[in-house]
Structures are given as structure tokens and as C-alpha cells.
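Presented below is the structure to which this report refers.
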Amino acid sequence: MSRDHVQSAGRNGAAAARAALTAEAAAPVPGGAEAPFLELLARGASADAYEQPVLLARAEGRPAEAIAALEQAKLLALRVRAELEGRRRREAELSALFETAHDLAGLRDLDSVLQAIVQRARSLLGTDVAYLSLNDPDRGDTYMRVTEGSVAARFQQLRLGMGEGLGGLVAQTARPYVTDDYFKDGRFQHTNTIDRGVRDEGLVAILGVPLMLGHHVIGVLFAADRRARVFEREQIALLGSFAALAAAAIDSANMLAETRTALAGLERANEIIRDRSAVIERASDVHDRLTELVLRGGGVHDVAAAVSQVLDSTVEFTEAGDAPAQPLEASRAEGHAVRQRDDWIAAVTAGGELLGALVLRGHPGLDPVDQLTLERAAMVTSLLLLARRSAAEAEQRVRGELLDDLLDARDGDPRLLRERASMLHADLDATHVVLAARLDGTAPDADEEAAARRRLWSAASHLAATRHGLAAARDGGTVLLLPLSPGDTATELARRTARQLGTAVHETVTVGASGPVQHLVVHPDTVAAAYAEGRRCLEALRLLGRSGGGAAAEDFGFLGLLLAGDRDIAGFVDRTIGEVVAYDERRGTDLIRTLDAYFTCGMSPARTKDELHVHVNTVAQRLERVARLLGDDWQSPARALEIQLALRLHRLSAQH
């Protein structure tokens, strides 16, 4: 039924009531007694106002016949008024039901709809409170769901067992119940909890009707007053209509929720299926790509590029020394890719040897199948490295033979040496450093020791090949000839090589380095002399308890003169006091002579000024300049000893 139909019905009812009044007024009522009552009806006066015309007639002393006519007209007018009030009330009830049904049609929020139902029920029935409870199948009771006009917290949180109180009885029997005085009504099972809640709210008269879905009760709708009251049949029927709407709203909401849940489940299932399909396609794609790479002899960087495309991320192959040590070791031990913050690291290993790592950048939420893809790519990378190593072993032997010939000075033809080196991508005319490397651990038997030495030689050969150098097994260890990059030092190269070899073989490796050497093909004995210097540095490191590190002769100060094969006196003097010598030459000062006199006089400024025949302040100023050139620690025992030796050598060199 539409709103217009409801309003039209109300207007038609009012017209019918007026017609009835006119018909009854046509009966013989003397003197037009109905006129004042029609005016009262027209302006909607209260029932009490209908006594006024009768009282006025009596006060005026009008005839009994006129007063009787007025009484008859009053009764007719009150009947019409009651009929009009009833029709207006039914019109309001129908309108409220229509509004509620309209809200249900667009069911947006179940709580809002239920709240609207209890609000309208309270308004139309004119009660102090309206509320709605729902059954809880799991607990076997009914609980407050929505209240309107309630002020007591305990009442709003009530739970009623089946059969307890008026609401429990309605929920149990599926029939409406009404009481004009709850606490005096013995039909209900009173409990302390329910009675305390009802008493807190101050309720007396209560009407409850069941909420039905089919033959099942799902809750109760109530209207209640805080005073004694008798609910009429029409009011009980009206509350029942609201209860039917509430039950329909709850059922629709439940079905809608179930539908949404089912749709969400289907969408999630579809997403999972799509994701799994995409993952399977990626896994198949990477399998095909890796197979093709192996068949056509691709390299490790080709593998990284292929996996990068399939996983839509950046994948890189890194040397073992360039990857984070802890996750790399964890991956090697577990055999799986390991997460490192936003990256994933998969160790590339072969026979327990760590060859490097595949690093997936910026992808913290890696799918398990994609993780397996990365691990398989690491396995393929290790196979490619092993294949490349097998192919490179012949090249390594050639590199070792060339270095052996340089160490033994067996081939003195510079042209032939350069050609052999060029085939190995080495440049013997560049500046090189000779490094002696040795394992520091002691193997339990000869076989394991031999295996460890082979691993060291293999790692050294791989390092030499990547750095365009040479490597050979010699004297129980390994010797390397590596080019020295601009800005690099022999010390830094030695330390870096010790670290890289130790990481590759998982053991402590000590490396001693020669100073930089040049003209290797012109002077055949240069490499042998540099190797001897590197071995002396290696032995010095071990004697000093510095196993596992790397150093060159220059690291030992004046002891380097004893270790160096060519006794680089000029280099030692330049490293120690070269700044002071250069300053004297540029400025024409006498700092070197002042230093010599200072040490000769037992580091006493007073005796030094007598030796130099200058003022003591002059000595102090010169020594301050020396401190700025050599550093504040130049008078420490170790530095002072080196400076005195450098001064002596400088003086001897000048005399020569």
C-alpha cells in the first residue's frame, strides 16, 4: 500500500464520519442544537469542551426540551469525534507501518531499521519505553537488542532465560502477553535478575509480542509504561505488525550477510585460483628459461636476468664476500632462501663450497612458489659455475704454468711471455703485487690437508681469473700475481685477498704481500724476489700472531727494511720523514737538521738550542712545525725510533 493510498483512506474516513453526523443531525433536534458541536468538531476541540454548550444552556435557564436536544447532539458529536480519532489513529498507524516497510525495502543498516521500529512503536502506542530482544540459540536465552526510552543500564543489559519473565514466556510460547502490573502478575516466572532490571527502569504495564520467522520465534518486541495501563486489542495488533516487520528485517539482513559472506568467499577463492595460476605460469616460465640457458651455455648473470623478468623484481648474482654474511651462511646451512629485511638471499654452493649468492631485492612478501623458484635458480647457477669451473681448470693450469715460469725465470723471451699472458687476459706490463697465501688450520690427516690446499688453490685461481691475474700452488700454499689498481695499496690488496679466500674456503687464510713490482718480463728475477718478500711478510704475520689477516712489507715500519727483498731505503725514508724533507726544500728551512740535533741532545730543547746556536723559542717553533707535518704522535717511542733511523739513512744517502 502506498503513502497516497493511506492518506486517501484517512480523508475518505473523515468525510464518511461527517456524513454520518449530518444524517443523525437530520433527526428532529429542536432549535439547531447541533450547531455548536459541529463547530467543536471542525476545530478539533477536546472531549471536555463538548460539555460547555449544555452547561451554558442550563445557566441561561433554557427549556428542558432544548437542553435535552443539546445532550442528544453532544452524544452524537462525541461519537463522531471518537470515530474521527480512531480513523486518524489508524491512518497514522498505517503510515508508520508504510514508512517502516519502506526502510526495510532499502535495508542499509539493520540496527537503524530495528531502532526505527521501536521508536515508532513507542510513539504510536504512546508508551514510556519500547524495546526488542533476540534469542541466542547458543546460550538458550534471549537478550536485549534495541531499546528506546530506557534509562537503566542494568535493564538494557538483561538476558532472559526461556520461560523467565514476560519476555521469556513470549519467546517460549510464541504468543503475545500483556500485563497491567508486572510485579503483581503471577503468570510469569519472576527472577531476581529480571525483577531488579524492571524495577530499575520503573516499568509497570508491559506488552510483549513474538518476532516470528515461519514457526520459529527469534525474539520479542515490547511496549511498556511506568504506570498501570490496559493495552487495547488494536494496540496489541499494531505491535504485532511492527514485530512482523522487525522479523522480516532481521531475516533479510541475515540473508544479505550470508550472501555477502558467500560472495566474499567466492571472490577470495577466485583470487587464490588466479594467484596460483599466475605462480604456476611463472614457475613454468622460469623452468623453460633456465633450461634454455643451460642448453646454450648461458652465464650466472643470464640466470639472474631471467629470474628478474619472471618474478618482476631485481635479482643479482653476488660474490660470497659481497653478500651479508649471516643470512648467507644461514641459507647455505638450511638449503633455502633466507629473508634479510626486504631482500631474499639464496646461497650458491657446490660440495660445501660457497660460490656466491642470488639476491632478490625489495620483495619482502615472497610467495612460497616464487621462493622455490629463486632456490632452483641458485641451484642452476651453481651448476653453471661448476661447468664453467671445469672448463676453466685447463685455463687455470695454464695460468699456473705461466706463473711458475715467471717465478723460476725459465722463459726469458719477453714477446712470448706477453703473448701467453694476453691469451689469459693478463697484462704483465702493468704494476703487480705478488701475494703468498696459506691456510692456518691444521688438518687431522694428510688427505684432508691436501683437499684443503686444493680448495685454496681453486679459490685463488678463480679470484685471479676474475682479477686478470695469475695463481699457482707452491710451497704448501698458493701464490698469486694480481694487478694493483690506481689508488690501491699492497696492504689493502693483501687484506682483501685474505678475506675473500677465507670466505670462499670457510677457513682462516693468511696473506703476505710484496711491494708493488713492475717490468716483470724485462727483469725475469723480479717475480721471484717479490714472492720471497711476500713469504717473509706471511711468516712475520704468523710469528706476530696475526693469522687470518693480510699485510705488506710497508706495514712493518723499519722492520719492513729487514723483510723487503730489495731493501727499499728511499721508500722508507720518504714514508717516514718525506714531508719534512720536502718542506725544507720548498721553504729553505732547517727542520731536518733541527730534528737530528733534537734527538742527538736527548730530546732536550735547551741543549738543542746550544747545539744549533739559536734561541730556545726558535727550537720550539721548528718542533711545532714538525708536529704539524708528521702528526702529534711523532715523539712516541715507536715513531721516534723510526724517525731517528730515517734521519740516519737520509744523512747517509746525502753523504753518498
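Owing to the predicted nature of the structure, the values given are computational and were not obtained by experimental measurement. Position 1 is the first residue of the sequence; numbering continues from there.
- At distances below 3.5 Å, at least one donor-acceptor pair connects side-chain atoms of Q235 with backbone N or O atoms of E232.
- Nearest heavy atom pair, residue L328 against residue G356, reads CD1-O, 3.9 Å.
- Contact annotation: the side chain of L56 approaches that of E60 to within less than 4.5 Å [non-hydrogen atoms, C-beta and beyond].
- No more than 12 heavy-atom neighbours from other residues, nucleotides or ligands sit within 6.0 angstrom of CZ on R341.
- Within the 4.5 Å cutoff, no side-chain heavy atoms of L360 are placed close to those of T314.
- Within the model, atoms OG of S133 and CG of L221 stand 8.5 Å from one another, a figure rounded to the nearest 0.5 Å.
- Note that CD1 of I67 is 8.5 Å distant from CD of E71, once rounded to the nearest 0.5 Å.
- Counting only heavy atoms from C-beta outward, the side chains of L238 and L125 approach each other to under 4.5 Å.
- In this structure, G548 and T508 approach most closely via the heavy-atom pair CA-CG2, 3.1 Å.
- Salt bridge status for R229 with D225: present, with a side-chain N to carboxylate O gap under 4.0 Å.
- Considering CG of N135 and CD of Q172, their distance stands at 10.5 Å, rounded to 0.5 Å.
- Once rounded to the nearest 0.5 Å, the distance linking CG of L354 with NE2 of H506 reads 4.5 Å.
- Interatomic distance, Y143 OH to L132 CG, rounded to the nearest 0.5 Å: 9.5 Å.
- A donor-acceptor pair is defined here as one N or O able to donate and one able to accept, closer than 3.5 Å; such a pair exists between the side chain of S241 and the backbone of A237.
- Looking at S331, its side chain does come within 3.5 Å of a backbone N or O of H336 through a donor-acceptor pair.
- Q326 CD to I345 CD1: the interatomic distance, rounded to the nearest 0.5 Å, is 10.0 Å.
- Contact annotation: the side chain of T127 approaches that of F231 to within less than 4.5 Å [non-hydrogen atoms, C-beta and beyond].
- For the pair E51/K74, a side-chain contact is recorded, criterion being any heavy-atom separation below 4.5 Å from C-beta on.
- Formation of a donor-acceptor pair under 3.5 Å by the T191 side chain with backbone atoms of I194 is found in this model.
- Partners of E316 according to the salt bridge (Lys or Arg N to Asp or Glu O under 4.0 Å) rule, which considers only residues two or more places apart in sequence or in another chain, are R361.
- When all heavy atoms of V348 and L358 are compared, the pair lying nearest together is CG2-N, 4.0 Å.
- Contacts of P53 classified as side-chain contact (heavy atoms from CB on, under 4.5 Å), with partners at least two apart in sequence or in another chain: P36, F37, L40.
- Here the side chain of S123 pairs no donor or acceptor atom with the backbone of Q119 at under 3.5 angstrom.
- Every residue meeting the side-chain contact (heavy atoms from CB on, under 4.5 Å) condition with L213, not counting sequence neighbours, appears here in chain and number order: I218, A247, D251.
- Under the side-chain contact (heavy atoms from CB on, under 4.5 Å) criterion, A224 pairs with Y131, L203, I206, not counting sequence neighbours.
- Proximity of R145 to L114: side-chain heavy atoms (C-beta onward) are separated by under 4.5 Å at one or more points.
- R233 pairs by the side-chain contact (heavy atoms from CB on, under 4.5 Å) definition with nothing, not counting sequence neighbours.
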*Carefully, step by step, assess V359 and F317 under the rule side-chain contact (heavy atoms from CB on, under 4.5 Å).*
CA-CA 6 Å; V359 181; F317 173 78; over 6 Å; no
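- Counting only residues at least two apart or on different chains, the salt bridge (Lys or Arg N to Asp or Glu O under 4.0 Å) pairs with a member in residues 148-166 are R122-E148, D136-R159, D141-R159, R154-D200.
- When side chains are defined from C-beta on, D195 counts as touching Y182, because their heavy atoms get closer than 4.5 Å.
- Between V129 and R226 there is a side-chain heavy-atom pair separated by less than 4.5 Å.
- Residues T193 and L158 approach most closely at O-CD2, 3.6 Å, considering heavy atoms.
- In this structure, the side chain of E201 does not engage the main chain of Q156 through any donor-acceptor pair within 3.5 Å.
- Pairing each heavy atom of H190 with each of F183, the nearest pair is CE1-CA, 4.2 Å.
- For the pair L211 and A243, the tightest heavy-atom approach, listed with the atom from each and the gap, is CD2-O, 3.1 Å.
- Shown here is N192, whose CG atom has no more than 12 heavy atoms of other residues, nucleotides or ligands within 6.0 Å.
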